[in-house]
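To start, the structure under review is shown below, and the notes come after it.
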Amino acid sequence: MMAGTHGQLWYLGMMEENKLKTSEGTLEKARNSEEWRCQGLSTQRSCHFMAFPSFEHVITMDSLCFDSWFTPSWLDEEPARNGFAQDGNRCNDHALPPDATAFVTILRNCAKNKDLRKGTKVHDDITKMGLLEKCSDALVTMYAKCGALSKAKELLELHISRNLFSWTALISAYAQQGLGKEAVDCFEKMQRAGLSPDAVTFTSILKAYGSIGAADKGERVHDEVVHQGLLENDVMLGTALVDMYAKCGALAKARQVFQNLSSRNVITWSALITGYAQQGEAVQAYACYEQMQSEGLFPDAKTYACILKACGDMGAKDKGECIHNEISRQGLLANDFVLGTALVDMYAKCGVLVKAQQVFENLPHRDVTSWSALIEGYAQHGQGEQALKTFEQMQGGGLAPNEVTFTSILKACGALGAVAKGKQIHDEIARQGLLGSNFLLDTALVDMYAKCGALAQAQKVLDELLLRDISTWSALIMGYAQQGQCEQAVTCLEQMQQEGLFPDAVIFSSLLNACSHSGRVHDGHLYFTLLSKKYGIKPDLEHYACMVDLFGRSGHIDKAVGVIQGMPFSDNLEVWSILLGACRKWGDVNVGRWAFEHAIQFDRENTAAYLLMADLYAAVGMHNDAKSNQALRMDNEGLKMLEVVV
DNA sequence: AAGGGACCTA
């Protein structure tokens, strides 16, 4: 076969099912392979290069050819992979070396294709040819777009670039990879170097500010953007502002910016909806979603993903199902596993786990996030066994769990009391070096041991952490409280304060419970007083209930009554039931009857209350009263139970 | 001519 004058191998057509006709002859497709993976592309984009039916880049739609400066490296390597010998002579581009301008074009091509391998090779050639200075900016951009951020940074700073585009490319790349801090550093360095940001730079840095929650800096950019009049015709910049405020939790501000924009599109709306959904304002998110549609804009896959989250939070199964139908109708699940995960999560949160499982099984791709959503669904709804089973299936498929998966599976272990399995997970977490890097995971681990009653283990995990947060302590204190180990719980309280952490309402509930169960009336009362006086926490119903229990259990019925009467809330069934239980214990018929009367006002069929009251009468020898169905307003079922008691 | 905006799991 003749070598073409350019040495390029062009695709000309399909000969047979697994043979390609090219300018240089025939290529055979690898056996059993439907597609050729784009090795040069970042896995994040997960792009596939389809050999059939057309020989085009599936994203850029460019026609592709082999052995040119402009060919992505994965394509250059394709002939070899398919058993074709590489013919060194064919690559004539090398015989006519490009100048700096040509190299810049080549680098842009590499950036566009995210072809780091070729870009690096080109960098090498540029250096050898002494063209580095002239190509430096293009190299920085290429490295930034290919995700090689340290290389980009190195070059940028080496030549103290004066090119706003290259600086912006790096800032933007940092922001896109979630490296907000680095993006900010770069942005500030750029300004110190005397370059002024433009609308694109602002858009990029706003994303970074959003990711690190720097609303103050974001607001300064906002002012500057308004000052320069950049917002007028720039939807992207406006969207970035909305997103920045939303990510920082400043939803009112996000909404305000949104409303003042001269134009909006589906992305702008989605930024706002996402903001509401992420801050737990599901109702607002849904309202926006409907308003967007009433203004004639159509949601896309990303909009659906975030509104599904809102549906899950609201437990709005029917709304979620409608959206599911729409998604299916549009065939959006075929190439979007983020959306698939959102759907699984929505059904799981709504408690429809059969449906969640079913959607999950029908997804074309499953990643660790979709698995985790399902596992968490089971863990959340008390189906620990199923959570464990799913977890094992996931590992069996060769997928590695991440921090979120571990957190969910630990929750399942704790609920099941499966301490051995929990320990195994603990070891795995430690092996992966994940301990101490994530408060939520650390806390889940302590909580798992605590729930299993393995308090020494729980304490050990907590002790070995260098940094702890209030939830981690809370998990341990709750464990001690549940075992009635009041002293240990108090010790924890003191230790956490020595670390500069302030206990919260939940911790005091645990603590009061612990005092109550170990008969420490004085301590309990003291903490209840300190709660508001020292810690500025407004006691909630739970705390009052603990106090009723604390006094009642220890025989201070009068004080228990005093607590109920002093509650700033209306009374509820729980406190009366606790009081009645205490009266039963101490044989206080008068207060007991009073508590009983209140309790059955909340629930006439409250069998537990009837039984307690009957039990109380029986305990003090008032058998007639105990049997008196008139006094107790017992139904037949209750009477039968009463006979058993008396 | 190049650099820019929204999604899922604790």
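Keep in mind the model is a prediction, meaning the values are calculated, not measured.
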Discussion item. Mind checking if A:Asp137 touches a base, just sugar-phosphate, or nothing, with heavy atoms under 4.0 Å?
Written reply: nothing
Worksheet item: Contact class for A:Ala199 (heavy atom, under 4.0 Å): base, sugar-phosphate, or nothing?
Response: base
Discussion item. So, using ring-ring contact (aromatic ring centres under 6.0 Å, His included) as the criterion, who are the partners of A:Tyr245 when residues are at least two apart?
Written reply: A:His222
Item to complete: Would you indicate what A:Leu410 reaches in the nucleic acid, counting non-hydrogen atoms under 4.0 angstrom: base, sugar-phosphate, or nothing?
Response: nothing
Response to the item:
When rounded to the nearest 0.5 Å, the distance separating OG1 of A:Thr405 from CG of A:Leu410 is 10.5 Å
Worksheet entry | Test of ring centre spacing under 6.0 Å for A:Tyr289 and A:Trp269 | no
Discussion item. Strictly by salt bridge (charged side-chain N to carboxylate O under 4.0 Å, His left out), give each pair with a member in residues 363-387 of chain A just once, sequence neighbours left out.
Written reply: A:Glu376-A:Lys411
Practice prompt. Look at all strands and tell whether A:Val242 reaches a base, only sugar-phosphate, or nothing, counting heavy atoms closer than 4.0 Å.
Written response: nothing
Item to complete: Just call it for A:Thr268: base, sugar-phosphate, or nothing, with non-hydrogen atoms closer than 4.0 Å on any strand.
Response: base
Practice prompt. Under 4.0 Å between any heavy atoms, over every strand shown, what does A:Thr405 touch: base, sugar-phosphate, or nothing? Just pick one.
Written response: nothing
Worksheet item: Across the strands shown, which category fits A:Leu164 at heavy-atom distances under 4.0 angstrom: base, sugar-phosphate, nothing?
Response: base
Worksheet entry | Heavy-atom contact window of chain A on DNA chain B, given 5' to 3' at under 4.0 Å | B:dA1 to B:dA10
Worksheet item: If you count the non-hydrogen atoms of other residues, nucleotides and ligands that lie under 6.0 Å from CD in A:Glu133, is the total more than 12?
Response: no
Practice prompt. Would you mind classifying the nucleic acid contact of A:Ser408 as base, sugar-phosphate or nothing, using non-hydrogen atoms under 4.0 angstrom?
Written response: sugar-phosphate
Item to complete: Examine A:Phe391 together with A:Trp371 and report whether their ring centres are nearer than 6.0 Å.
Response: no
